[in-house]
Amino acid sequence: MNIQVLSLKRKLTKDKTEYSSPLCDSLREAGNAVDAQEIFDLAPMLERGLKKALKKNAELIVVENAFDSEDDFRGRFAFIIDNAERKIQSVPNTKAKTDFKGIFAALKKGKMPPKREPETVTYERKKTRVFTFESDQKTAYAFSYRTARVVALPKNIDLSRLSDLLDRVENVFAENAEAYPDGYSLHKRELRVQTFFERHFPHKGDGQNEIVRKSVMLLAVCVFAVAAFMFIHNIVIAPMQNEALQSNIRTVFYQSETDPVTGKKKAKKVNWNKLKKINKEIKAWVKIDNTQIDYPVAEHKGDDEKSQYYFKRDINGNYSDYGTIYIDYRSKKGMDSKNVILHGHHMDNGSMFANLKKYGFLSGDLGFYKKSPVVKINTPKGGNQTYKIISVFKSNVNTLQGEYFDFYCGSFKSKAQFMNYVYNIRIRSLFNCPVNVNENDQLLTLVTCSYEFDDFRTVVVARKCRKGESSEVDVSQASLNRSPVWPQCYYSRYGGTRPAISTFSEALKKNSIDWYDGKGKLKGSEQLPTSVTEETTEPTTEKPTEKSADKFTIKVTSCGKVLKNSTVKKGSKVTLPKIKDFKKGNYKYTLKKWKAKGFGSKKYLSKNVTKVIVNTDVKLKAVFKKTKIKTKKPAPKPTKATKATKATKATKATKATKPEVKPQTPTETTTEASEPNDAEE
C-alpha cells in the first residue's frame with residue numbers, strides 16, 4: 001500500500017535528509033511503500049501537506065502526533081474537512097435572471113413590479129463520516145479526504161498495535177461502503193433561487209446574519225466607489241478641468257495677428273475688455289518664465305481675515321480645489337499697494353504657485369534663479385511691467401513653532417518702517433540678489449504653501465522695475481546666502497545658531513548693506529508692521545513712542561480679572577499663570593482653552609499651553625467649560641420626638657466620650673449636554 005506519513009511537530013529538525021520514525025519503520029516492515037514528512041503544527045500547514053500527499057497518489061495518509069484530545073482534533077481538522085467537502089461537490093446554480101425590462105416597463109406605467117414567486121433547488125450534499133477507534137485507552141480517528149483515507153493518531157500511541165488499528169480502519173470503511181459511499185453520507189438540502197438584488201441587498205426573509213453580511217458588503221462597495229471617484233477626480237478630472245479653464249482664458253489673453261507684409265504672427269495688445277467680460281474682478285496677469293505660472297490675478301473686495309473668496313473658487317466663481325491667484329485683502333489699494341501680496345495654491349501637478357518651490361527647498365537653487373530672476377505683470381492701466389526678485393525665503397506662520405515674521409503687510413506707516421521690512425526679508429533670503437532697493441520702490445510678494453516644516457510658506461518678493469531702468473538682471477553677480485535667517489524650528493532640527501537680527505538703520509551705519517541706493521535719514525519708527533497695519537499719510541513730524549521697538553506687552557485675563565500684564569523683550573518665553581477650577585452657584589468651571597489675539601491666524605490656544613513666545617503685542621483670555629453640579633436631596637429634619645430621644649441618649653453617654661461628627665453628604669458632579677460657555681463676566 002502507498003502510505004504517506006505526516007508528522008506534526010512544534011520544532012522541525014534541521015536535518016534535510018528523508019524523515020524517518022518508529023512509525024515509518026513499523027509500516028515499512030509490513031511491506032508498505034512509505035513516504036514520510038515533518039510538518040509544522042498548524043492547520044494551514046497540515047492542509048497543505050494533505051494536498052501534496054494526494055498529488056503523490058497516496059492511498060492512506062497517516063497523521064502522526066495529530067492531537068491531544070477530542071476537542072483538539074475538532075479544532076484542527078474541522079476546517080480541513082469542510083474545505084474538502086466543497087472541493088468534491090459543486091453547489092447547483094441558484095442565480096435567477098433579473099427581468100429588468102419588465103421592471104422598467106412597470107415603473108413607466110406607474111405600477112410596482114410584480115412579485116416573483118420563490119423558487120428552490122434541491123440537491124444531495126455530501127457530509128464526511130468520521131470513524132472513531134479505541135486503541136490502548138486512546139482514541140484514533142479516520143475519515144475520507146477527497147480520494148484518500150486519513151488516519152489521525154493521538155500522541156504517544158502504542159505502535160505495537162498499529163497494524164491491528166489499520167486493519168480495523170480498512171474493515172470499517174468496507175462495512176460502511178453502502179451506507180457511506182467513499183466515506184460520505186448524503187443529506188438533502190434546499191437552496192433558494194435568488195435574483196441579483198436578492199443576493200446583494202437585504203430583503204424580507206433574510207436572517208439577521210445575512211442582513212448584516214449584505215449591509216457590510218454594500219457599505220464596503222460604497223466606500224470603495226467614493227474613494228475611487230475621489231482618487232480619479234483629484235488625479236485626472238480636476239487637473240484636466242483646471243488646465244482647460246486656464247487654457248481658454250490664456251487664449252483670450254495671448255491674442256496674436258498676422259503681419260500683412262511679412263506674413264508672420266506678431267503679438268497683439270491685450271484686450272482687457274474681453275477679460276473683464278469673463279470676470280470684472282480680474283485685475284492683472286502674472287507670469288514667470290520657465291514655470292507654469294501664467295495666470296490671471298483676481299481681487300475680491302469683500303475678503304477679510306475669515307474669508308477669501310477665490311481661495312477655493314476658479315475665475316468663474318465655481319468651486320475648485322485649485323482656486324485662483326488672488327490679491328490679499330491686506331493690499332488695500334490692489335495693484336497700486338506699496339506691497340502687492342498674491343496668493344496661490346501649491347498643487348501636486350505643479351500648477352498655480354507650486355513652481356515657486358523651484359527656487360529652493362532648504363537651500364536655494366541658484367541655477368534656476370539665474371534663469372528666472374524676474375516676475376512679469378500686466379495690468380489694464382500699466383500694461384507690461386517687470387518686477388525684479390530681491391528675496392526668496394521660507395517663513396513660519398505658526399507661532400507655536402517659534403518666531404513668526406509677519407510678511408502679510410500691504411501698507412506701511414513710514415519709509416523707515418518700509419526699509420526695515422525690506423531689510424528683514426533680505427536677511428532671510430536664500431540668495432544674495434543683485435538688485436538695489438530704496439524707500440520709493442513698490443513690492444510684489446508671491447506666497448504659497450511649503451512643506452519643509454508644518455505651516456511653512458515659500459515667499460518670493462520682487463520690486464517694480466523703475467522708470468527708465470533696464471528690465472535685465474545681472475545674474476552673474478548673484479550668489480547663495482550662506483547664512484540666511486530661518487525660524488527657530490530650523491535650528492532646533494538641523495543645529496546651528498540663529499544669526500542676530502538688528503534693524504535697517506543699525507545695519508546701514510555698520511556699512512553691512514550694499515543693496516540700498518536711497519537717500520538715507522528716513523523718518524518714522526522702524527518697528528515692523530503687522531498684518532493689521534492701516535495705510536496712513538507719511539507724517540512730517542514723528543511723535544516719540546513710549547515703547548521700544550523690540551519690546552511688547554502680554555496681557556492675560558480670566559473672568560474679567562487681569563492675571564498678568566507685563567512688557568517683555570521680543571522673542572521672550574512667557575509662562576502663563578495656572579488657572580484653577582472654581583464653583584459658582586450650581587455650576588463648576590474648568591479651563592477649556594485660551595482666546596488669543598496677536599498670534600496671526602491662531603484665534604485659540606490649547607489649555608495645555610504653558611508658555612508662549614512673544615513677538616508682538618499679545619492678549620490671552622481664559623475660556624471656561626461650564627458643568628452643572630447635581631446634589632443629593634437633604635435628609636428629612638428630625639421631629640420633636642426624635643430630638644427628645646437623642647437628648648436622653650446623650651445624657652446617658654459618658655462625659656469623656658466626645659460625640660461623633662457625621663460627615664456632610666458628598667456632592668456629585670455631572671456634565672450638561674449643552675455647549676460650555678465662557679465665564680468671564
Side-chain angles (χ1 to χ4, degrees), residues 1-89 126 128-174 182-184:
M1 183 183 294
N2 185 9
I3 300 176
Q4 179 78 32
V5 176
L6 305 178
S7 180
L8 300 186
K9 291 191 177 182
R10 296 297 298 173
K11 272 189 176 183
L12 302 180
T13 58
K14 296 182 179 180
D15 188 7
K16 300 299 181 182
T17 59
E18 183 180 355
Y19 171 77
S20 182
S21 67
L23 173 65
C24 299
D25 297 338
S26 177
L27 292 173
R28 288 191 182 101
E29 289 175 0
N32 299 298
V34 179
D35 186 11
Q37 182 183 1
E38 271 189 315
I39 295 178
F40 194 70
D41 191 4
L42 286 176
M45 301 301 294
L46 174 59
E47 186 175 22
R48 183 181 176 185
L50 293 172
K51 290 179 180 178
K52 285 184 178 180
L54 290 176
K55 291 181 180 179
K56 295 179 180 180
N57 299 319
E59 300 174 66
L60 180 65
I61 302 173
V62 179
V63 183
E64 186 182 11
N65 300 322
F67 57 91
D68 289 320
S69 61
E70 181 180 354
D71 292 337
D72 188 22
F73 169 79
R74 293 189 181 192
R76 191 161 302 178
F77 286 89
F79 179 74
I80 296 174
I81 293 173
D82 186 57
N83 285 345
E85 290 173 353
R86 295 180 183 180
K87 291 291 183 181
I88 63 174
Q89 184 178 28
K126 289 185 177 181
T128 304
R129 171 73 168 127
V130 179
F131 300 99
T132 59
F133 301 90
E134 297 293 335
S135 177
D136 190 27
Q137 297 182 352
K138 291 183 180 292
T139 304
Y141 297 91
F143 58 89
S144 293
Y145 182 78
R146 302 193 193 178
T147 58
R149 295 171 183 175
V150 179
V151 178
L153 301 179
K155 294 180 181 179
N156 303 321
I157 191 171
D158 186 4
L159 297 179
S160 61
R161 300 185 181 183
L162 180 62
S163 58
D164 178 56
L165 175 63
L166 296 181
D167 291 339
R168 288 166 59 193
V169 170
E170 290 295 327
N171 293 334
V172 167
F173 274 100
D182 298 324
Y184 299 101

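This chain uses plain numbering: 1 for the first residue, then up along the sequence.
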To the nearest 0.5 Å, what is the distance between OG on Ser163 and CZ on Arg168? 11.5 Å
Test your reading of the model: is there a side-chain donor-acceptor pair from Gln4 to the backbone of Ile61, 3.5 Å cut-off? no
What is the minimum heavy-atom distance between Ala43 and Ile80, and which atoms define it? O-CD1, 3.9 Å
Over 12 foreign heavy atoms within 6.0 Å of CZ, Phe79: no
Please answer whether the main-chain N or O of Ala78 pairs with a side-chain N or O of Asp82 as donor and acceptor at a distance below 3.5 Å. no
Out of curiosity, Tyr145 OH to Glu47 CD, how far, rounded to the nearest 0.5 Å? 5.0 Å
Could you measure the distance from the CG atom of Leu6 to the CD1 atom of Ile39? Nearest 0.5 Å is fine. 4.0 Å
Taking the six-membered ring for Trp and the full ring for Phe, Tyr or His, determine whether the centres of Phe67 and Tyr141 are under 6.0 Å apart. yes
Side chains of Ile81 and Val130 in contact at under 4.5 Å (non-hydrogen atoms): yes
Can you name the residues that form a side chain to side chain donor-acceptor pair (under 3.5 Å) with Asp72, not counting sequence neighbours? Arg76
Would the number of heavy atoms belonging to other residues, nucleotides or ligands and lying under 6.0 Å from CZ of Arg48 be above 12? no
What's the spacing between Cys24 SG and Gln37 CD if we round to 0.5 Å? 11.0 Å
Salt bridge (Lys or Arg N to Asp or Glu O under 4.0 Å) partners for Lys56, two or more places apart: Asp35
Quick one: does Arg146's side chain have a donor or acceptor within less than 3.5 Å of a partner on Lys51's backbone? no
From CG (Leu165) to CD1 (Ile157), nearest 0.5 Å: 5.5 Å
Show your working on salt bridge (charged side-chain N to carboxylate O under 4.0 Å, His left out) between Asp71 and Arg74 and close with a plain yes or no. CA-CA 5 Å; Asp71 292 337; Arg74 293 189 181 192; 5.5 Å; no
Any side-chain heavy-atom pair of Val62 and Val34 under 4.5 Å: no
Heavy atoms of Ser144 and Tyr184 approach each other most closely as O-OH, 3.6 Å
Heavy-atom donor-acceptor pair, Asn65 side chain to Lys9 backbone, under 3.5 Å: no
Minimum heavy-atom separation for Ala142 to Phe173, with atom names? CB-CE1, 4.0 Å
Beyond-backbone contact of Phe133 with Val151, side-chain heavy atoms, under 4.5 angstrom: no
Working to the nearest 0.5 angstrom, can you tell me the gap between Thr128 OG1 and Lys126 NZ? 9.5 Å
Is a side-chain N or O of Glu64 found less than 3.5 angstrom from the main chain of Val5, in a donor-acceptor match? no
If I compare all heavy atoms of Arg10 with all of Phe40, which pair ends up nearest, and what's the gap? O-CE1, 2.9 Å
Are any of the side-chain heavy atoms of Arg149 and Glu170 separated by less than 4.5 Å? yes
Leu153 and side-chain contact (heavy atoms from CB on, under 4.5 Å): which single residue from Thr139, Leu23, Val63 fits? Leu23
